[in-house]
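Just so you know, ligand 1 is whichever comes first in the structure, and atom 1 is the first atom listed for that ligand. Scope of the values below: all heavy atoms of this structure, side chains included, with no hydrogens, waters or symmetry mates.
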Amino acid sequence: MIRTQVVIAGAGPVGTVAAYFLAQQGIDVLVLEAGADCALDLRASTFHPPTLEMLDTLGITPFLLERGLKAPVYHYRDRGTGDVIDFDLGELHDVTRYPFRLQCEQYHLARALAERLDQHPKASVRFGHRLVSVAQDETGVDLVVETPFAIERVRADWLIGADGAGSTVRKWLGVGFEGFTYPEKFLCLSTTEPLEDYLPNLAYVNYVADPAEWLVLLRVPSVWRILLPADPDSSDSELVSDANRDRVFKHLIGKTGVPTQHRTIYRMHQRVAERFRQGRAMLVGDSAHLNNPLGGFGMNSGIHDAFNLCQRLVRIINGTEDEASLDQFDRQRRGAARSFIQAQTIQTMEMMKQGLAAGQDRRREELLRTRADPELRRQFLLRQAMFQSLRDAEAIA
Ligand SMILES: O=C(O)CCc1cccc(O)c1
């Protein structure tokens, strides 16, 4: 039987951040990851300013800055009218030392932290270790883990479920995951084609609204990523076919035969777990909440969960804080997920679908008014950069 203070299920960005935070504070931590390595998930690739500040306390932000692209400016574009409404996070220079989004694939973070954890005297990371069952009593949790060659038992004081959308921890806790799944599919293409040569004045982050076919054009260090809704009447193989690729790029840059590095079909979900804490087990990141990727809030809010939780857990383990603090973690982070992340991402999806110029130009006028008014613009930037959701959550008693 393995004995440790904290087990973390999942070695993605959120699980590794939680583990490294705890290990740095002198807590024994064991990370269990079913996969053979940190997942090479391309979905999350934006680090927002408060996340960079948090990660800086772990000493990992300089590593990310070296690999990523700084994106202070982002565009809301309307394909129909050609309008571009730009916002500049540089205006938040008095609020943060990182007044930009950092475009950097998330696996860089998870892999770098997994390597550091591997060298850490307080931490252990086990790949190929699949969590099979979870039980708990008043003093700890009992886990059964399947390894490549054996079934092992682990006893820990605390369990953190950072094991993604299909979380085994959440299922064993019997915690509901209410919300909805978008009926449509989405297509993500990545290409090394220099889109900026065809679309002048392109920012690194562009939300292109269009009632016929909206797009997100997102630059990450290695490629341009293009996210768009997929034709519901087409099969997955048709959607990832050369013919569909040619249709998308013809419409976008007037060119066919553009090389792509990935063509992926996504389903998107808007769901929040009914509890983020049950006794000695807590849920963070995708195991606790899922949202569409518009705005790049998913991984960031997961890292915010991990910091909120682990700061409390260290104090509880060291005997300076009552366990009731974990209920406040639940209220604060569930509050952020429901009131901000869900609301904002659902609203952005609606805007993208309808086009900025749809209806009575209401959304377009609202964005233009926000852009023109210094106070509204600042509030908007604070929301988009996720400062506001953190402040609102921290105000929850
Ligand atoms: O809004 C963002 O920052 C991310 C949007 C996006 C773009 C391309 C692919 C993807 O999965 C998400």
_Heavy atom to atom 4 (C) of ligand 1, shortest distance: which of A44, P293, C188 holds it?_
P293
*asked:* Tell me every residue that passes side chain to side chain donor-acceptor pair (under 3.5 Å) with E178, counting only those two or more places apart in sequence or in another chain.
replied: none
*Any chance the rings of F380 and F87 have centres within less than 6.0 Å?*
yes
*What pairs meet the salt bridge (Lys or Arg N to Asp or Glu O under 4.0 Å) rule with one or both residues in residues 3-18, with sequence neighbours excluded?*
R3-D157
*Purely on distance, is any nitrogen or oxygen of V216 under 3.5 Å from one on ligand 1?*
no
*Evaluate the ring planes of F297 and H48, with Trp represented by its six-membered ring, and classify them as parallel (under 30°), tilted (30 to 60°) or perpendicular (over 60°).*
tilted
*Looking at Y207, which atoms of ligand 1 are within less than 4.0 Å of one of its heavy atoms?*
1 (O), 2 (C), 3 (O)
_For L294, atoms of ligand 1 separated by under 4.0 Å from a heavy atom_ = 1 (O)
*Under 4.0 Å from any heavy atom of T46, which atoms of ligand 1 are there?*
3 (O)
*Parallel under 30°, tilted from 30 to 60°, perpendicular over 60°: which one fits the rings of F307 and F21?*
perpendicular
*asked:* Closer than 4.0 Å to some heavy atom of Y266 - which atoms of ligand 1 meet that?
replied: 11 (O)
